[in-house]
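These notes are about the structure you will find just below.
Computed from a predicted structure; not experimentally measured. Values below: all heavy atoms of this structure, side chains included; hydrogens, waters and symmetry mates excluded.
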Amino acid sequence: MPLSTLKEPLDLARAEGALDLAWRRLKADNLLVAPESDRIRLASMIVELLIMAEDEDDLAKRAIDKFKKSGVHRG
């Protein structure tokens with residue numbers, strides 16, 4: 001899992017929180033095609049965006065936007 005690359009406890013906690021939040025929102029919007037691979041892709045996006053985000057909510061929003069722009073989802 002991409003989050004295992006994070007070494008700082010605070011970064012890991014932020015990333016895990018953002019992943020859970022983004023995942024719930026994408027699932028609620030029925031945008032997931034292949035849940036296992038979608039979750040790994042989303043986690044990778046979160047790791048990439050971590051340094052740019054202000055907080056977990058911002059990180060989740062950025063990851064959702066990137067996920068939607070990737071074009072590999074329903075909707």
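- Contact between Arg14 and Leu59 at its shortest, heavy atoms only, is O-CD2, 4.1 Å.
- Considering Asp58, Asp65, Asp57 as possible partners of Lys61, the one that fulfils the salt bridge (charged side-chain N to carboxylate O under 4.0 Å, His left out) test is Asp65.
- Taking CD1 from Ile64 and CG from Leu49, the interatomic distance works out to 11.5 Å, rounded to the nearest 0.5 Å.
- In this structure, Met45 and Ala63 approach most closely via the heavy-atom pair SD-O, 4.0 Å.
- With a 4.5 Å cut-off on side-chain heavy atoms, Phe67 and Leu32 count as touching.
- A salt bridge between Arg25 and Asp29 is absent, with no side-chain N of the basic residue lying under 4.0 Å from a carboxylate O of the acidic one.
- Hydrophobic clustering keeps Met52 apart from Leu10 (ILVMFWY residues linked when any side-chain heavy atoms are closer than 4.5 Å, directly or through intermediates).
- Of all non-hydrogen atoms in Ser44 and Pro2, the two that sit nearest each other are OG-CG, 3.1 Å.
- Between the CD atom of Glu54 and the CZ atom of Arg62 there is a distance of 7.0 Å, given to the nearest 0.5 Å.
- Put simply, Ile46 and Leu21 are part of two different groups of oily side chains (I, L, V, M, F, W, Y) that touch within less than 4.5 Å, one to the next.
- Between Val47 and the options Leu42, Leu3, Asp11, a side chain to side chain contact (heavy atoms under 4.5 Å, CB included) holds for only Leu3.
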